[in-house]
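Just so it is clear, the structure is predicted and the values come from calculations on it, not from any experiment. Every heavy atom of this structure was used, including side-chain atoms; hydrogens, water molecules and symmetry mates were not. Letters A, B, ... are given to chains in the order of the sequence lines, protein chains preceding strands, and every chain is numbered from 1.
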2 protein chains.
Amino acid sequence: MNRKKRWQPLFFYASISGGRTLFFDIILIDWHALKNLFIRCLLHNFTSLFQKYLEEKTELTQAESERIQSFAIIKKLRKRQYLLQEGDVWKYDAFITQGCVRTYTVDEKGGEHVNSFSIENWWTGDRESLMMQQPSRFNIDAIEDTELVLFTHENFELLCREIPAFNNMVNNILQRSFIAAQNRIQASLTLTAEEKYLNFVNKYPGFASRIPQTMIASYLGMTPETLSRIRKQTAKK
Amino acid sequence: MNRKKRWQPLFFYASISGGRTLFFDIILIDWHALKNLFIRCLLHNFTSLFQKYLEEKTELTQAESERIQSFAIIKKLRKRQYLLQEGDVWKYDAFITQGCVRTYTVDEKGGEHVNSFSIENWWTGDRESLMMQQPSRFNIDAIEDTELVLFTHENFELLCREIPAFNNMVNNILQRSFIAAQNRIQASLTLTAEEKYLNFVNKYPGFASRIPQTMIASYLGMTPETLSRIRKQTAKK
DNA sequence: GTAAAAACTTGATCTAGATCAAGAGTTTGA
DNA sequence: TCAAACTCTTGATCTAGATCAAGTTTTTAC
């Protein structure tokens, strides 16, 4: 299992009648950037991903769906831009339509500890700050350029009360988040560093190639050096 | 902060008019057992604690409250008795009225890893097994003699649908559980063994004297030996 | 296009906490 | 009531992963 090289060859060729293949060119291409480009081209309206998510997760009438959309606030983040900074009170429920975001704390020595990653089709934010209306201990910033749909918490609660299907969806997400957190605790208690990494790659395929290793190491509770060595070892096998 | 001795002296004496004190006797007494005895004497009906909890957490009509009680299944566990065993599917929502329970996994070497403790006024069970209707990876057993109120999940969901206040309470618990799990992850990533212990004692005063050290060590992700040494060190200060 | 800043790798050394072992105290159950 | 089974403590030793340091590659920004 070799490290995915960022730049990879792309071959251009044409198949001509008679079975011969005419070779044009090879260029080196950054697959990840290309994929992002495609996704952007396809999404003429980037909230449509949220629309699609709602359709999958819930059964809404047209009116309900429009009601939800009417409360949606669209937000774009450039890479490294903050969504939430430590000390601020978080006031939203946030759904990611495109991109990737990390939630982390900074300790007194300046070390960053990644608490979670969130990508398209996931929710992000600080529930504790939101619920208790207290300053957040977390920072949230964008790992890639990111697009979100925000709801103020008042609107969000209103939607929960008005639309049972929406409420069910929220409940469901919360349960899954809790289960995921439980599993993470379990992993951190029982697994070795190597097992933690393999478990992560296995559970979230795609994350590993998209998120800087330093951050993954932090998420898994180890140093970047250790992760680098583990990757080297596992690549051999 | 010295280790709490299980058997402690209790002095019997009387104050006589004129300021003299008449001394009777000293006996050694197990405060913990005595406390439990008192609690049991006071609770002529042990579901009343659940009743009290509901009254505190929610605003229910008399009818709603009776409806909830009508679905309640009372269960008693002796110390060490299982509530759930690995491989079984968990089908309830469970509220503890008295006692203490632990949730843990067993690894292939036979080592036990405590995932959580739950005491009076808390909920317990395996959400993952319940939600996905799949065999549980967890064991739950009683650390002390324990009394619970169970609801089958169907009844529980019925109550959630019927009684908005009940639904809100459940939502609230879930949010708090999720926040607690997040904080635990945070602690396990950032704190040293000693800090983890102090954080635990600080956050859950009362747990430390009630739960065997081996289990606390496991919960905190360290060996009993390490915890023993930490306790010795912090006692000095 | 290029210099500065990040991100990643590799090696040498160190340390918090694990493991192993053995004794003392406590609880359990026939 | 007493032996067996836990639970806790303490010491000696070991090790996974941290820390420190220096080189290489990749990304960023002017």
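Between B:Lys196 atom NZ and C:dG17 atom C1' the separation is 10 Å, expressed in whole Å. When rounded to the nearest whole Å, the span between CD1 of B:Ile211 and P of D:dC6 equals 20 Å. For B:Glu225 and D:dT10, the CD to C1' distance is 10 Å, given to the nearest whole Å. A:Gln213 has its CD atom 18 Å from the P atom of C:dA6, to the nearest Å. The nearest whole Å value for the distance from the OH atom in B:Tyr197 to the P atom in D:dC8 is 11 Å. Going from atom CZ of A:Arg80 over to atom P of D:dA29 covers 7 Å, rounded to whole Å. Atom CG of B:Leu191 is separated from atom P of C:dG17 by 11 Å (rounded to the nearest Å). Put simply, NZ on B:Lys109 is 10 Å from P on C:dC20, counting in whole angstrom units.
Close to D:dC8, at under 4.0 Å from its OP1 or OP2, lies no side-chain N or O of B:Ser228. For the OP1/OP2 pair of D:dG17 and a distance below 4.0 Å, the side-chain nitrogens and oxygens of A:Thr226 include no atom meeting the criterion. Under 4.0 angstrom from either OP1 or OP2 of D:dT9 there lies no side-chain N or O belonging to B:Lys232. Under 4.0 angstrom from either OP1 or OP2 of D:dC8 there lies at least one side-chain N or O belonging to B:Thr214.
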Inset, instruction - Check the pair A:Phe200, A:Tyr219 against ring-ring contact (aromatic ring centres under 6.0 Å, His included), reporting the backbone distance first and the verdict last. - result: CA-CA 10 Å; A:Phe200 174 78; A:Tyr219 174 84; 5.5 Å; yes

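Using a 30° and 60° split on the angle between ring planes, B:Tyr92 and B:Trp90 fall in the perpendicular class, above 60°.
For the pair B:Met222 and A:Met215, both in contact range of DNA chain C, the more 5′-proximal nearest nucleotide belongs to A:Met215. In terms of position on DNA chain C, the residue among B:Lys79 and B:Leu227 whose nearest nucleotide sits closer to the 5' end is B:Leu227.
With contacts defined as side-chain heavy-atom distances shorter than 4.5 Å, the pair A:Phe178/A:Leu174 does not qualify. A 4.5 Å side-chain heavy-atom check between A:Arg210 and A:Glu144 finds at least one atom pair inside the cut-off.
Atom CH2 of B:Trp123 has more than 12 heavy atoms from other residues, nucleotides or ligands within 6.0 Å.
Taking every side-chain heavy atom of A:Arg229 into account, D:dT19 is the closest of D:dT19, D:dT9, D:dG17.
Taking 3.5 Å as the limit, the base of C:dT28 and the side chain of B:Arg78 contain no donor-acceptor pair of atoms between them.
Among the heavy atoms of the strands, none lies under 4.0 Å from A:Gly111.
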